[in-house]
Amino acid sequence: MWFFRSPEIIFGEDSLSFLKDLRINRCLVITDNFLLKSGLLDKLFRNLPESSKRMVIGDISPEPTFREMTGRIEEIRKFNPDYVIGFGGGSSMDTSKILFALNERPDLDVYDITPLVPLGLRKKSRLIAIPTTSGTGSECSWAAVLSEEGEKRKSELASPEILPDYAILDPDLVVSLPKEQTKNTAADALTHAIEGYVSSWNNPFSDAMSEKAIDLISSNIETVLKDPENIDARNSVHIGASMAGLSFSNSQIGLAHALGHSLGAYFKLAHGKTVALFLPNVIDFNYNVSAQKFEKLNSIVPERYRKKKFSDTLRGLFRSMGVEGSIEECGITRKEFEQNLDGLVSLASESTGCLTNPRESSTSDIRELFRNSYARLR
Ligand SMILES: [Fe+2]
């Protein structure tokens with residue numbers, strides 16, 4: 001028996017106005033410092049009922065720990081929200097999932113958020129995710145990532161009950177996304193779509209999401225990077241990124257994420273950058289196991305990027321987007337890399353991405369993938 005889980009998705013221009021139709025009385029908004037100061041939060045507030053009471057948590061950092069996430073949990077319980085809104089990138093949306101659960105269940109240990117434990121949520125509130133980047137897919141997933149205090153390791157918590165009730169994909173919220181974040185998050189989304197498509201848990205529903213996601217993102221990202229305010233192209237990439245999120249959250253990720261998470265933990269690099277730089281080499285590693293699927297994906301990418309091998313198609317596409325193609329290009333010296341290689345391999349080997357990658361990998365395979373990815377293929 002299989003499931004395909006998805007929030008109710010509201011998308012396209014002016015989709016933020018959907019909030020006006022909900023009877024929101026007491027709204028908890030979780031966001032980050034940048035958005036708190038930007039005009040985007042005002043856009044959100046303009047679409048909330050005027051009479052609604054609001055509590056804003058606006059200091060969620062890019063990789064929050066449990067302590068950071070839950071610093072104001074008692075205040076939240078007193079506020080007693082009927083809607084919890086995650087507004088921002090993956091960290092804000094992930095934090096909203098955790099706070100949504102812990103507000104309803106003060107007795108809950110956060111590590112009890114697992115697929116196997118019924119949580120009995122939604123007695124007090126509903127959860128809404130509104131992404132302001134096009135890439136993480138958190139708005140469509142039932143997972144939340146938590147950084148462990150003082151450690152490089154992160155924990156992934158998952159429960160179908162922390163899947164948002166609504167995901168609102170309003171392209172107006174991403175038109176001013178800076179170029180650097182636009183390209184990195186798009187590269188992350190493409191990696192989600194591709195890894196989900198060949199994951200050992202892939203299924204017909206996740207496959208359909210991946211194929212359309214790759215079509216939408218690869219056909220529109222060039223326009224978005226050249227003309228960031230092109231709302232149609234932004235809308236397509238924004239929808240594609242959520243489709244990619246639906247794919248991998250209903251299948252799984254693979255080795256590019258396993259290695260990328262590890263590199264990001266050691267060198268504090270943007271997530272999208274770290275996964276994209278490994279992806280072409282991971283595709284070469286997996287090729288014989290999933291050849292037909294990679295050929296199918298190669299046929300979806302616009303002809304102007306298409307090469308004989310899908311990995312080369314992606315190398316070219318990422319290059320045209322200005323995404324770093326190697327560890328070296330991320331500014332890491334050979335010495336730093338070699339000094340940390342054992343730790344990098346060990347952390348990557350612990351990732352669930354190793355379990356669902358289509359081809360089994362040993363630690364020496366992972367070490368070789370790291371080494372092959374230090375410098376770009378010439
Ligand atoms: Fe990712």
Side-chain angles (χ1 to χ4, degrees), residues 62-64 86 88-95 97 129 131-147 152-158 167 174 177 180-199 201-202 206 209-210 213-214 216-218 221 237-283 286 297 314 317-318 321 323-324 330 347-348 350-357 369 373:
E63 288 168 351
S91 302
S92 297
M93 291 187 281
D94 283 4
T95 302
K97 293 173 187 174
T132 61
T133 65
S134 305
T136 72
S138 174
E139 67 280 4
C140 288
S141 90
W142 42 292
V145 177
L146 191 69
S147 290
K152 292 197 164 62
R153 199 168 53 88
K154 291 183 187 175
S155 297
E156 193 182 87
L157 310 171
V174 288
L177 189 67
E180 184 68 14
Q181 273 172 285
T182 299
K183 68 179 192 183
N184 286 338
T185 49
D188 185 26
L190 283 167
T191 311
H192 293 154
I194 294 161
E195 296 219 292
Y197 195 66
V198 296
S199 143
W201 290 1
N202 81 80
S206 64
M209 289 295 141
S210 285
I214 291 165
L216 286 171
I217 300 168
S218 62
I221 190 62
V237 172
H238 206 39
I239 291 170
S242 282
M243 287 183 150
L246 280 170
S247 171
F248 89 93
S249 61
N250 283 283
S251 55
Q252 260 302 327
I253 45 166
L255 278 178
H257 268 81
L259 273 69
H261 281 151
S262 175
L263 189 74
Y266 271 79
F267 295 104
K268 299 278 169 236
L269 297 165
H271 169 73
K273 198 182 274 203
T274 62
V275 295
L277 76 86
F278 292 113
L279 185 65
N281 288 344
V282 167
I283 290 172
N286 289 333
L297 294 186
L314 280 178
L317 174 60
F318 286 151
M321 288 163 61
V323 173
E324 287 77 356
C330 293
L347 191 59
E350 290 173 16
S351 166
T352 49
C354 299
L355 300 176
T356 46
N357 189 71
L369 276 167
S373 307

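Atoms considered below: every heavy atom in the structure, side chains included; atoms not considered: hydrogens, waters and symmetry mates. Note that the numbering runs from 1 along the sequence shown for the chain. One-based numbering, in listed order, for ligands and for the atoms of each.
Side chain to side chain, Ser206 and Asn250 fail the donor-acceptor criterion of an N or O pair below 3.5 Å. Under 3.5 Å, the side chains of Ser249 and Ser141 contain no donor-acceptor pair of N or O atoms.
The number of protein N/O/S atoms found under 2.8 Å from the Fe ion (ligand 1) is 4.
The backbone N or O of Gly135 sits nowhere less than 3.5 Å from a side-chain atom of Thr185 that would complete a donor-acceptor pair. Side-chain N or O atoms of Ser92 include none that pairs as donor or acceptor with a backbone N or O of Gly86 at under 3.5 Å. Looking at Ser155, its side chain never comes within 3.5 Å of a backbone N or O of Leu146 through a donor-acceptor pair.
Ring orientation note: the planes of His257 and His271 are tilted relative to one another, at an angle of 30° to 60°.
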